[in-house]
Amino acid sequence: MEMKNPMDEKKYEIVEIQVDADVLEELKTVIAPLGLTPEMLIVRFFEFCTDPATQEEAVSLLLKWKAELEAESYEPRGDF
C-alpha cells in the first residue's frame, strides 16, 4: 500500500483581484516586454511572498507599503 505525502496534495484557493481598468492597461504595457501577463505576475508575487528564501524581504516590503498607504490616506483635521 502506497502512502501519499499530504504535502504532495495541491490545494487551490480562488483569489479575485479587482483593478481599475486604466491601471490594468498601464500594468500590461509595463510587463508585456518582460513576457508576463497580469496573472503570471500575481503568481510570481505570491511565490515571492511564500518562498522561505525571500519571505523575510517580502514581509518587510509589505509592511513598508502598508505604512505608505496609511500615510497617504491620513487626513489631518486641524484639531488636536
Side-chain angles (χ1 to χ4, degrees):
M1 174 187 230
E2 182 181 336
M3 296 292 292
K4 285 189 176 182
N5 181 345
M7 297 301 286
D8 291 340
E9 293 183 31
K10 294 187 179 199
K11 296 180 182 175
Y12 296 93
E13 294 287 334
I14 294 175
V15 176
E16 182 177 324
I17 299 173
Q18 296 182 1
V19 180
D20 181 273
D22 294 335
V23 173
L24 181 59
E25 288 309 311
E26 189 175 335
L27 172 70
K28 287 178 180 179
T29 61
V30 171
I31 64 175
L34 303 172
L36 295 172
T37 65
E39 296 82 5
M40 293 166 71
L41 184 64
I42 291 166
V43 169
R44 287 192 180 186
F45 176 73
F46 285 144
E47 290 171 345
F48 171 73
C49 289
T50 58
D51 184 337
T54 55
Q55 196 170 32
E56 189 174 313
E57 180 183 2
V59 169
S60 176
L61 285 169
L62 289 168
L63 290 172
K64 176 186 169 202
W65 296 333
K66 180 183 177 195
E68 289 172 358
L69 283 173
E70 288 172 349
E72 287 175 10
S73 66
Y74 174 71
E75 296 179 25
R77 299 180 190 177
D79 55 9
F80 295 96

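Starting from 1, each residue takes its place in the sequence as its number. The figures that follow rest on heavy atoms only: side chains count, while hydrogens, waters and symmetry mates do not.
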TODO: Can you sort out the partners of Glu39 under side chain to side chain donor-acceptor pair (under 3.5 Å), two or more places apart, ordered by chain and number?
DONE: Thr37

Open item on the list: Which residues pass the side chain to side chain contact (heavy atoms under 4.5 Å, CB included) test with Asp22, not counting sequence neighbours?
Closed with: Asp20

Open item on the list: Going by the rule side chain to side chain contact (heavy atoms under 4.5 Å, CB included), which residues pair with Val43 if we only count those two or more places apart in sequence or in a different chain?
Closed with: Glu47

Open item on the list: Let me confirm one number: the CZ-CG distance from Phe46 to Asp51, rounded to the nearest 0.5 Å.
Closed with: 15.0 Å

Donor-acceptor contacts under 3.5 Å from residues 27-34 side chains, at least two apart:
unit_1 : atom_1 : unit_2 : atom_2 : d
Thr29  : OG1    : Glu26  : O      : 2.7

Task: Residues in salt bridge (charged side-chain N to carboxylate O under 4.0 Å, His left out) contact with Glu56, at least two apart in sequence or another chain - done: none

- [ ] Return the set of residues passing side chain to side chain contact (heavy atoms under 4.5 Å, CB included) with Ile17 (not counting sequence neighbours), or none when no residue passes.
- [x] Val15, Val19, Ile42

Task: Partners meeting side chain to side chain contact (heavy atoms under 4.5 Å, CB included) with Phe48 (sequence neighbours left out) - done: Thr54, Glu57, Ala58, Leu61

Task: side chain to side chain donor-acceptor pair (under 3.5 Å) involving Gln18 - partner list, sequence neighbours excluded - done: Glu16

